[in-house]
Amino acid sequence: MMALDLYADGDRETIKPQEEYILQLAYNNPAFPMLASFWAAFYDSPQYTYQDCGLLAHEFICLADQHQTNTSTLKICVRLARFFSQAHHSKQSVRCVSD
């Protein structure tokens, strides 16, 4: 398993190896097309426009809503939603780098 570093201008976030499951939760769910695409491209160091970041932020919020009783999943979703939301609102693209 690999970590994924996310960069938006001067901001940085990481999806740690033990957190990758968050994207697997959404992979086969048609309600989360951007998260499924994110997981499919995870090892290819994907890049996202600020418009994509807005969609990803929204899907992370919806995923968090579905997993409110799982504190660790909820925290990861909220953290990533915040990162993508900030990128969207500041019109920054996000560059991902796999280990």
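Interatomic distance, CG of Asn29 versus CZ of Phe32, reported as 5.0 Å (0.5 Å rounding). With rounding to the nearest 0.5 Å, the separation of CD in Gln92 from SG in Cys53 is 9.0 Å. To the nearest 0.5 Å, the span separating CD1 on Ile15 from CG on Leu6 amounts to 5.0 Å.
Contact record, Ser98 with Asp44: OG-N, 4.3 Å, taken as the closest heavy-atom pair. Nearest heavy atom pair, residue Tyr21 against residue Thr73, reads OH-OG1, 2.8 Å.
Under a 3.5 Å cut-off, the side chain of Asp52 and the backbone N or O of Thr49 do form a donor-acceptor pair. A donor-acceptor contact shorter than 3.5 Å is absent between the side chain of Ser45 and the backbone of Arg95. In this structure, Asn70 contributes its side chain and Ser72 its backbone to a donor-acceptor pair below 3.5 Å.
For Tyr50, the ring pair (Phe, Tyr, Trp, His ring centres under 6.0 Å) partners at least two apart in sequence or on another chain are His88. With sequence neighbours excluded, no residue forms a side-chain hydrogen bond (donor to acceptor under 3.5 Å, both in side chains) with Ser90. Qualifying ring pair (Phe, Tyr, Trp, His ring centres under 6.0 Å) partners for Tyr48, counting only residues two or more places apart in sequence or in other chains: Phe38. Contacts of Gln47 classified as side-chain hydrogen bond (donor to acceptor under 3.5 Å, both in side chains), with partners at least two apart in sequence or in another chain: none.
The closest side-chain heavy-atom distance from Cys77 to Ile22 is below 4.5 Å. Looking at His67 and Leu25, their side chains come closer than 4.5 Å, going by heavy atoms from C-beta outward. Side-chain contact between Leu23 and Phe42 is present, with heavy atoms from C-beta onward closer than 4.5 Å. Considering only heavy atoms from C-beta on, Leu4 stays 4.5 Å or farther from Val97 through its side chain. You'll find the side chain of Cys96 stays beyond 4.5 Å of the side chain of Tyr43, heavy atoms only.
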Name the atoms and distances for all side-chain donor-acceptor pairs under 3.5 Å in residues 54-61, with sequence neighbours left out.
{"residue": "Glu59", "atom": "OE1", "partner": "Met34", "partner atom": "N", "Å": "3.0"}
{"residue": "Glu59", "atom": "OE1", "partner": "Leu35", "partner atom": "N", "Å": "2.9"}
{"residue": "Glu59", "atom": "OE2", "partner": "Met34", "partner atom": "N", "Å": "3.2"}

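Judged as a salt bridge (charged side-chain N to carboxylate O under 4.0 Å, His left out), the pairs with a partner in residues 69-94 (not counting sequence neighbours) are, in order, Glu13-Arg79, Glu19-Arg79.
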